[in-house]
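The next block holds one structure in the form of structure tokens; read it before the comments.
Computed from a predicted model, the values in this text were never measured in an experiment.
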Amino acid sequence: MNPIVRAVTVLLGPVLLAGAALAADIRVEPGPGALVRAVGLARPGDRLLLGEGTYRGGLVLTRPVKIAGGGKVHVAGTGTGSVITIDAPDVVIEGLKLTGSGTSHETIDSAVRMTRKADRAIVRDNRIEDNLYGVDIHGARDALVEGNTIIGGSDRLMNRRGNGVYVWNAPGATVTGNTIRQGRDGIFVNTSRKNTFTNNRFENLRFAIHYMNADDSTVSGNVSIGNHIGYAIMFSKRVTIRDNISLNDRDHGVMLNYANNARIEGNAVLGGGEKCLFVYNANKNLIMGNRIEGCEIGIHFTGGSARNEISGNAFIGNRTQIKFVSTRDHVWSGNYWSDHAAYDVNGDGIADQAFRPNDTMDQVIWTQPSAKLLLGSPAVQLVRWAQSAFPALLPGGIVDDRPLMKPHELPETARNWKASLQ
């Protein structure tokens, strides 16, 4: 039997296409060259419905078609180039297992590679394993990558692996509901804008989400677990980072590096490594309503950062709440500090005394780490007593003029994730 059979029933609401052809379902069964022949014969708008089995990859799609596998189809690459290259608009790749890309970073060998012509391409509900890159959105507009499991190879060092999803100059790209692990970066964005990354899960990566020169985008509802860095926003403007979770990320939960006019709101950075939040030369950002808990340093704030509004955050159980050296005071207003022994006589929820997270000895230790050996000495205790008795002796730094008596509730989603890892 011919492995390619054009169905009698065409798609509902038939659309008249070039050459008066009607879009139709084409059922394809495994066999040598079957998928390649089906792709070659397909007309714009056709759906290739693949029967259960394994098919050879290395495909280049130059017409708007849909390839669907129902979760029981394996498309195996040749070990060279990309498994599927999309070079036409409105292509859909759905329900496939994709393996066996090449290993060249120069050509960005991927399970699915979208060219500039691949506007509105959809890659949905696939299992993508052991490829150099998972999905490369390279210049295509309004692409959608949704509901995929993307697992990188483990045969090379992390920095030599590819990214789960690589977005380059792809305005309007949406990456949502994916599980990405064991690559270099989960999502790497370079020179793009107006992208949306929501409800993804990232594990065993360098960065969960890594922005470089990517403006006017939204990152929300994602979960980063045990990566080196959760959310790294670099050289970008007007990015919204909202309602994300960072659990046990090793170095930083959220990093702002030359990021300006960003909105960092409602995120939970829980446990993990060196710094929950690192702000480096980042200006005019709103950092509000975040839960910053259980890190070596709650927030490391560099002197090159200015005109940021930081309020409504909860700093809980960090060994050092803030690392910030300055010669003058900077006012943050309305945050909760777990180490503030506060009282509230009028019961308005705001502590009756301002809070200064750091003192002179903190700054000495940051600049002269060997001074840690003296922390228990009478001289250090005398300096700290003098500062408490004579506030004029305190150095410049952060002052919260309206510290909160209670932290905001940890969102239910964050509570559930935290409990699941305990």
Checklist entry - Yes or no on side-chain contact (heavy atoms from CB on, under 4.5 Å) for Thr240 and Glu265, after CA distance, side-chain angles and deciding distance? => result CA-CA 8 Å; Thr240 297; Glu265 182 178 11; 5.8 Å; no
Checklist entry - Tell me, do Leu96 and Tyr55 make a side-chain contact under 4.5 Å, heavy atoms counted? => result no
Checklist entry - Can Asp90 and Arg120 be counted as an ion pair, charged N to O under 4.0 angstrom? => result yes
Next on the checklist: With side-chain contact (heavy atoms from CB on, under 4.5 Å) as the criterion, how do Asp339 and Phe355 come out once you've worked through the C-alpha distance, each side chain's angles and the decisive distance to 0.1 Å?
Outcome noted: CA-CA 10 Å; Asp339 54 344; Phe355 179 61; 3.6 Å; yes
Checklist entry - For Leu205 and Asp185, which heavy atoms make the closest approach, and how far apart are they? => result CD2-C, 4.3 Å
Item to check | Contact summary for Ala23 and Gly45, nearest pair of heavy atoms | outcome: CB-O, 3.5 Å
Checklist entry - If you round to the nearest 0.5 Å, how far is SG of Cys276 from CG of Asn290? => result 10.5 Å
Checklist entry - Say you draw a straight line from OH of Tyr336 to CG of Asn313; how long is it, rounded to the nearest 0.5 Å? => result 13.5 Å
Checklist entry - Between Thr115 and Asp87, does any side-chain donor sit less than 3.5 Å from a side-chain acceptor? => result yes
Next on the checklist: How long is the straight-line distance from CD1 of Ile322 back to CG of Asn335, given to the nearest 0.5 Å?
Outcome noted: 7.5 Å
Checklist entry - Nearest heavy-atom pair of Ala42 and Val65: which atoms, and what distance? => result CB-CG1, 3.9 Å
Item to check | 4.5 Å side-chain heavy-atom contact, Arg161 and Gln182 | outcome: yes
Next on the checklist: Please check: side-chain N/O of Asp352 versus main-chain N/O of Val345, any donor-acceptor pairing under 3.5 Å?
Outcome noted: yes
Checklist entry - Of the non-hydrogen atoms in Gly334 and Leu404, which two are nearest, and what is the gap between them? => result O-CD1, 3.3 Å
Next on the checklist: Is it the case that atom CZ in Arg116 sees more than 12 heavy atoms from other parts of the structure closer than 6.0 Å?
Outcome noted: no
Checklist entry - So do Trp417 and Ile225 actually touch side chain to side chain, heavy atoms under 4.5 Å? => result yes
Checklist entry - Taking Asn131 for the side chain and Gly134 for the main chain, is one N or O donor matched with an acceptor at less than 3.5 Å? => result no
Next on the checklist: Could you check whether any side-chain N or O of Arg63 sits under 3.5 Å from a backbone N or O of Ala88, counting only pairs where one atom can act as donor and the other as acceptor?
Outcome noted: no
Item to check | Heavy-atom donor-acceptor pair, Asn200 side chain to Val175 backbone, under 3.5 Å | outcome: yes
Item to check | Side-chain (Asn227) to main-chain (Arg206) donor-acceptor, under 3.5 angstrom | outcome: no
Item to check | Step-by-step side-chain contact (heavy atoms from CB on, under 4.5 Å) determination, Lys275 to Lys323 | outcome: CA-CA 10 Å; Lys275 302 166 186 176; Lys323 181 175 181 179; 5.8 Å; no
Checklist entry - Would you call the rings of Trp168 and His138 parallel, tilted or perpendicular if under 30° counts as parallel and over 60° as perpendicular? => result parallel
Checklist entry - Counting N and O atoms only, with roles assigned by atom type, does the side chain of Asn267 sit under 3.5 Å from a partner on the main chain of Arg291, one being a donor and the other an acceptor? => result no
Checklist entry - Is there a donor-acceptor pair closer than 3.5 Å between any side-chain N or O of Asn199 and the backbone N or O of Thr176? => result no
Next on the checklist: Are there over 12 heavy-atom neighbours, none belonging to Arg415, within less than 6.0 Å of that residue's CZ?
Outcome noted: yes
Checklist entry - Parallel, tilted or perpendicular for Phe188 and His210, by the 30°/60° rule? => result tilted
Checklist entry - Is a side-chain donor or acceptor of Asp125 paired with a backbone partner of Gly71 at a separation under 3.5 angstrom? => result no
Checklist entry - Taking the side chain as C-beta and beyond, is there a heavy-atom pair between Met114 and Val135 under 4.5 Å? => result yes
Checklist entry - So how far is it from Ile233 CD1 to Met255 CE, rounded to the nearest 0.5 Å? => result 8.5 Å
Checklist outcome for this item: On a heavy-atom basis, the closest approach of Leu132 and Arg160 is CD1-O, 4.2 Å
Item to check | Pair Ser333, Asp401: side-chain N/O donor-acceptor within cut-off below 3.5 Å | outcome: yes
Checklist entry - Do NZ/NE/NH1/NH2 and the carboxylate oxygens of Asp215 and Arg193 come within less than 4.0 Å? => result no
Checklist entry - Do any N or O atoms from the side chain of Asp119 and from the backbone of Arg141 form a donor-acceptor pair under 3.5 angstrom? => result yes
Checklist outcome for this item: Rounded to the nearest 0.5 angstrom, the CD1-CG distance for Ile128 and Asn148 is 4.5 Å
Item to check | Beyond-backbone contact of Val165 with Asn178, side-chain heavy atoms, under 4.5 angstrom | outcome: no
Item to check | From CA spacing to verdict: side-chain contact (heavy atoms from CB on, under 4.5 Å), Ile151, Arg127 | outcome: CA-CA 8 Å; Ile151 305 173; Arg127 187 170 183 87; 3.4 Å; yes
Checklist entry - What is the ring orientation for Trp332 with Phe315, classed by angle as parallel under 30°, tilted 30 to 60°, or perpendicular over 60°? => result parallel
Next on the checklist: Hydrogens and angles aside, do Ser305 and Asn308 bring a side-chain donor and acceptor to less than 3.5 Å of each other?
Outcome noted: no
Checklist entry - Once you round to the nearest 0.5 Å, how far does CD1 of Ile84 lie from CG of Leu61? => result 6.0 Å
Checklist entry - Can you name the nearest heavy-atom pair linking Asn318 to Ile297, along with the distance? => result CB-C, 4.5 Å
Next on the checklist: Could you check whether His252 and Tyr231, counting side-chain N and O atoms only, form a donor-acceptor pair closer than 3.5 Å?
Outcome noted: no
Item to check | Side-chain donor or acceptor of Ser236 paired with backbone N/O of Met234 under 3.5 Å | outcome: yes
Item to check | Test item: Pro64 and Pro44 side chains (from C-beta on) under 4.5 Å apart, heavy atoms | outcome: yes
Next on the checklist: For the CZ atom on Arg238, are there more than 12 heavy atoms of other groups (residues, nucleotides or ligands in this structure) within a distance under 6.0 Å?
Outcome noted: yes
Next on the checklist: Does the plane of the ring in Phe235 sit parallel, tilted or perpendicular to the ring in Tyr258? Use 30° and 60° as the thresholds.
Outcome noted: parallel
Checklist entry - Is there a side-chain contact between Asn283 and Arg307, using heavy atoms and a 4.5 Å cut-off? => result no
Next on the checklist: What I'd like to find out is whether the side chain of Asn190 reaches to under 4.5 Å of the side chain of Tyr166, using heavy atoms alone.
Outcome noted: yes
